[in-house]
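In what follows, a structure is listed as structure tokens, so that the remarks can point back to it.
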Number of protein chains: 2
Amino acid sequence: MKRDSRLSGILHVLLHMAEHEGPSTSEILARAMQTNPVVIRRILSGLRERGIVRSEKGHGGGWVLARDLGEITLRDVYDAIDSPTLLAMNNRTETPDCLVEQAVNAALEDSFQEAEALLLARFGEVTLKTLHADFQTRLTRTHPKRKKGHVHEH
Amino acid sequence: MKRDSRLSGILHVLLHMAEHEGPSTSEILARAMQTNPVVIRRILSGLRERGIVRSEKGHGGGWVLARDLGEITLRDVYDAIDSPTLLAMNNRTETPDCLVEQAVNAALEDSFQEAEALLLARFGEVTLKTLHADFQTRLTRTHPKRKKGHVHEH
DNA sequence: TTTTCATGTAACTTATATAGTTACATGAGT
DNA sequence: ACTCATGTAACTATATAAGTTACATGAAAA
């Protein structure tokens with residue numbers, strides 16, 4: 001299976017939006033994420049529906065965060081991209097007649113649900129503000145002199 | 001991504017092998033798992049390398065468990081099918097230059113690793129004997145009269 | 001010793017999901 | 001009117017699991 005990297009990608013994009021003065025166009029954001037503007041618009045449209053970002057058309061248009069960084073959890077973002085499948089594994093049959101398979105499925109299902117619950121709980125604990133603070137720390141470590149540096153080379 | 005159901009499928013097959021007197025052919029096992037014999041042979045060949053099953057060619061040949069049910073954990077089986085990816089999500093870039101992306105990746109990576117560790121730990125706690133006992137319980141609930149029933153209709 | 005049966009394995013096809021691209025409509029500002 | 005940016009449908013590319021075909025290998029039975 002090709003693994004889903006939308007959450008990782010879109011968090012990156014959101015933090016860039018936060019650093020950017022005024023609206024960011026999907027073209028600029030796509031460059032930061034090294035992908036196509038349509039991919040950005042597609043993903044961000046989900047976040048717009050959830051009130052995480054806003055978009056404007058035309059001159060001076062683009063995307064802005066609709067809430068404070070501290071008010072956006074990874075869980076919010078995950079939900080806004082339509083809660084993609086977390087686990088790469090599955091039970092072969094969802095509701096098998098075979099009692100052997102039922103026993104197997106029940107055991108696996110337990111573990112799967114625990115792992116999913118743990119992931120979602122972690123996502124709920126982390127806000128974009130947390131990530132932004134971590135970024136600032138990394139920036140200071142890398143460029144100790146500069147108070148507020150550039151973000152990257154794109 | 002298409003989700004991996006090999007673990008679920010092969011556990012089912014192993015328990016059927018345990019119930020079956022003498023060697024089970026890949027054709028019989030494939031019928032139980034509703035798939036192709038080659039798929040069974042392909043997966044079981046990994047388990048053979050780990051000493052979980054043995055196979056014999058020719059008349060009266062087929063597959064048998066090489067160890068006691070209590071000596072085979074789900075973790076053993078998982079490893080034997082080559083430790084497939086557990087999580088359906090990925091970081092977009094593994095070692096990004098961008099500090100923003102590094103902060104994002106680090107946060108996600110933490111959660112991902114916790115979830116994976118939890119799954120593997122659970123797999124390590126459960127043996128085929130556990131699953132077999134659960135199966136027996138289900139059997140008794142479904143057919144209270146019978147001491148030792150058939151397994152299923154395949 | 002030939003036939004039958006079962007595994008071993010390579011090569012190919014199918015199915016499914018993410019990601020990327022093209023093309024064009026819509027609407028806001030200049 | 002012209003430009004810029006989003007909105008979105010439709011198509012293509014890519015990756016991975018799963019299923020299938022075909023045939024070689026080797027063991028037991030006839």
Side-chain angles (χ1 to χ4, degrees), chain A residues 1-10 12-13 17 20 22-49 53-64 66 78 81-94, chain B residues 1-10 12-13 17 20 22-49 53-64 66 78 81-94:
Chain A
M1 147 203 353
K2 201 173 191 173
R3 291 167 83 185
D4 190 324
S5 65
R6 279 178 297 166
L7 184 59
S8 158
I10 211 63
H12 181 187
V13 157
M17 263 167 63
H20 194 264
S24 313
T25 64
S26 59
E27 205 189 316
I28 287 176
L29 297 173
R31 207 139 44 214
M33 209 174 103
Q34 294 179 73
T35 182
N36 192 297
V38 176
V39 174
I40 300 290
R41 295 206 286 270
R42 189 149 63 202
I43 301 176
L44 285 181
S45 79
L47 305 219
R48 186 184 48 224
E49 286 167 21
V53 296
R54 269 195 304 269
S55 64
E56 296 293 344
K57 287 179 176 176
H59 272 100
W63 302 84
V64 289
Y78 169 78
I81 60 177
D82 267 340
S83 317
T85 303
L86 292 168
L87 299 183
M89 284 201 261
N90 232 184
N91 283 329
R92 194 174 172 84
T93 310
E94 242 10 275
Chain B
M1 146 210 344
K2 197 174 195 176
R3 293 166 82 185
D4 190 324
S5 65
R6 278 178 298 167
L7 184 59
S8 158
I10 211 64
H12 181 187
V13 156
M17 261 168 65
H20 193 265
S24 313
T25 64
S26 57
E27 205 190 315
I28 288 177
L29 297 172
R31 207 139 46 213
M33 210 175 103
Q34 294 180 73
T35 183
N36 192 296
V38 176
V39 173
I40 300 291
R41 295 206 286 269
R42 189 149 63 203
I43 301 176
L44 286 181
S45 79
L47 305 217
R48 186 186 47 225
E49 284 167 22
V53 296
R54 270 194 302 270
S55 64
E56 295 291 347
K57 289 180 176 175
H59 272 100
W63 302 83
V64 289
Y78 169 78
I81 59 177
D82 267 338
S83 317
T85 304
L86 292 169
L87 299 182
M89 284 201 261
N90 231 184
N91 284 328
R92 194 174 173 83
T93 310
E94 242 11 274

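Chain letters run A, B, ... following the sequence lines, proteins first and then strands; every chain starts at 1. What you see is a predicted model; the values in this text were computed from it and never measured. Side chains are part of it too, since the values below use all heavy atoms of this structure and drop only hydrogens, waters and symmetry mates.
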Reading nucleotides 21-30 of chain D from 5' to 3' and marking B where a protein heavy atom lies under 4.0 Å of the base, S where only the sugar-phosphate is that close, and - otherwise, the string is BB--BBBBS-
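- Arg3(B) contributes a side-chain N or O that, together with a main-chain N or O of Met89(A), makes up a donor-acceptor pair within less than 3.5 Å.
- Going from atom CE of Met89(B) over to atom C1' of dA19(C) covers 16 Å, rounded to whole Å.
- Contact annotation for Arg42(B): base contact, defined as any heavy-atom pair under 4.0 Å involving a base atom.
- Interatomic distance, OG1 of Thr35(B) versus CD1 of Ile43(B), reported as 7.5 Å (0.5 Å rounding).
- Counting any heavy atom pair closer than 4.0 Å across all strands shown, Ser45(A) reaches no nucleic acid atom.
- Residue Ser5(A) is classed as a sugar-phosphate contact, given heavy-atom separations below 4.0 Å to backbone atoms only.
- The side chain of Thr25(A) has dT6(D) as its nearest neighbour among dT18(C), dG20(C), dT6(D).
- Looking at Arg92(B), its side chain does come within 3.5 Å of a backbone N or O of Met33(A) through a donor-acceptor pair.
- Interatomic distance, Ile81(B) CD1 to Leu44(B) CG, rounded to the nearest 0.5 Å: 11.0 Å.
- Here Ser26(A) reaches the OP1 or OP2 of dT6(D): one of its side-chain N or O atoms lies under 4.0 Å away.
- In this structure, the CD1 atom of Ile43(B) is 10 Å from the C1' atom of dA17(D), given to the nearest Å.
- Remark: P of dG8(C) and CD of Glu49(B) are 10 Å apart, rounded to the nearest angstrom.
- The closest side-chain heavy-atom distance from Asn90(B) to Asp4(A) is not below 4.5 Å.
- The CD1-P distance, from Ile40(A) to dA19(C), rounds to 11 Å in whole Å.
- When the C1' atom of dA15(D) is taken as reference, atom CG of Asp4(A) falls 13 Å away, rounded to whole Å.
- Using a 4.0 Å heavy-atom distance criterion, Arg92(A) is classed as a sugar-phosphate-only contact.
- What separates CD of Gln34(B) from C1' of dA18(D) is a distance of 14 Å, to the nearest Å.
- Distance Arg6(A) CZ to dA17(C) P: 12 Å, rounded to the nearest Å.
- In this structure, Ile28(B) CD1 and His20(B) NE2 are separated by 4.5 Å, a value rounded to the nearest 0.5 Å.
- Counting only distance, with no hydrogens or angles, the side chain of Ser5(A) and the backbone of Ser8(A) share no donor-acceptor pair below 3.5 Å.
- Place Val39(A) and Arg48(B) on DNA chain C by their nearest nucleotides, and Arg48(B) ends up nearer the 5' end.
- Spacing between atom CG of Leu7(A) and atom P of dA19(C) amounts to 11 Å, rounded to whole angstrom units.
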